Every structure is written in structure tokens, then in C-alpha cells.
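Read the structure below first, then the notes.
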Amino acid sequence: MTAIKFINGFPFVAHRKVGPEPVAMIKESHRFYTWMDERRTCRDFSDRPIPREVIENLLLTASTAPSGAHKQPWTFCVVQDAALKKQIRIAAEQEEYESYKERMSEEWLEDLAPIGTDWQKPFLETAPCLVVVFRRPYEDQPNGRKRQNYYVQESCGLACGFLLAAIHHAGLVALTHTPSPMNFLATLLNRPSNEKPFLLIPIGYAAAECWVPDLKRKSLADISAWY
Ligand code: IYR
């Protein structure tokens, strides 16, 4: 029987989590790190479809992320329809063309050169599945009033992190794509006014030929300070 108690009149359940001993924990945490370190952002996708149930499990995993006051202020739109993917590609490339030609600074373009990106986004049509993540700054209530959500950016960032880990775990690859500005996504997907585009994440099998930049990650010394 699950233990239960009430705090502020709300039910709490006992969370029995027995952590492993340090030696096992060191081994396992290192194994997880090296496996996560194999995750790469990819831009070359196969068009091989992925089962709907896999996509459902990925989204459910993403939605296990912590969020401000547990509001789960996100909506994951799954786009598999070829015509809609094409529309998204056309609109994204229009914005990206402007960005790369006019809006991005020299410095920004210089920083992107090693990543090898440009305004062309064929993966928006090739990838079998586009997940468009929307953040929900507030909820519309039945009484017509708005109710704010909290730490929406942080919450959505966390959910997307969980999503990327789940995608990697499934043996698939993804791209965290940020067409800018991306309001066209809300229009094309006919989203309600309380939803703002957050990230566009193509998901799929990696193409047989898939090239990623030979990047190095920062060392522990570079990313941490210990007190
Ligand atoms: N949004 C553009 C540009 C871009 C910006 C950053 I910062 C990247 O890390 C990668 C790309 C695009 O998606 O091409």
C-alpha cells in the first residue's frame, strides 16, 4: 500500500528511492556521462519513418521534466504531414535567408562557420517528424481570466533537454533548430494565442551519410567552480 499524508490539505506520497553505494554510483554515473557524450546534434536525416508509439514515449519523457509550480507549460506539436513540413520549410527558409543575409552580425556568422549552417533547411522536409515546442506563458481560464505560469523558459528548456536525452536513448537523432523570428510556426499550426514558439526539433534516424562538426566539449575545469 502506498503511504500517503496531507500537507496544506494536498496528498503527498512517500518517495522511496534507495540510491546505490558510492562505488556502483561512480561507475554508473560515468557510464551515463560517456553515453550522453555520444549525443550529437545532426542535420542529415534519413526519411525512414519512426513509430508513433516511440514519438509518444519521447513526449511523455519530456513532460516528466520539472516545471514551475508543476504547470507543465508546454505543448509539443508533432508534424509528420509532408505538405505541412514543406510549408514550414518554406517559411523557415524565408526568415533564415533574411537572417543570414541581413540580420546576423559578422561576429555571429563567424561563430557559426565551424558549425556549417546556412539558410537552407532541407531537413525540415527530410526528417520524418518535426516536434514544434510551444511555451505557454499563461492559461486561459473558463471565466475568461488569464492565469500565469511560472519560469516558463526554464521549464521548457528543461523539458527539451529531457526530450533530447530520450531521443538519444531511442537511437534517434535531433536538431535543436531556432528559425528566427519563428512566429510563422504559431500561424501555420493554428496555435492558440497563449502559445509561443520555443524550439523546432526535427527527429529521425541519422542519414547513412551524416556529418557533424569535430567539436570538443569544455573540460570539467572550464565548466565548474568548486567551493
Ligand atoms: N537560427 C539559425 C542560425 C543559428 C544560430 C545558432 I546560435 C546556431 O547554433 C545554429 C544556427 C539557423 O538555425 O540556421
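These values consider heavy atoms only, across backbone and side chains, with no hydrogens, waters or symmetry-generated copies. Atoms within a ligand are numbered from 1 in the order they appear, just like the ligands themselves. Computed from a prediction, not measured in an experiment: that's the story for all the values here.
Among all protein heavy atoms, the one lying closest to atom 14 (O) of ligand 1 is K121 NZ, 2.4 Å. Given atom 2 (C) of ligand 1, the protein heavy atom at minimum distance is E96 OE1, 2.7 Å. Nearest protein neighbour of atom 7 (I) of ligand 1, counting heavy atoms only, is W108 NE1, 3.6 Å.
Here L112 has side-chain heavy atoms under 4.0 Å from ligand 1, and that is the only part of it that gets that close. Counting heavy atoms closer than 4.0 Å to ligand 1, residue Y100 contributes side-chain atoms (C-beta onward) but none from N, CA, C or O.
One distance of note links OG of S193 with CZ of R136; it measures 10.0 Å at 0.5 Å rounding. Note that CG of N194 and CZ of R147 are 14.5 Å apart. Values are rounded to the nearest 0.5 Å.
At least one donor-acceptor pair under 3.5 Å links the side chain of D81 to the backbone N or O of L84. A side-chain donor-acceptor contact under 3.5 Å links N57 to the backbone of E53.
Listed by number with element, the atoms of ligand 1 under 4.0 angstrom from any heavy atom of T178 are 1 (N).
Residue L60 belongs to no hydrophobic cluster, having no ILVMFWY side-chain heavy atom closer than 4.5 Å to its own.
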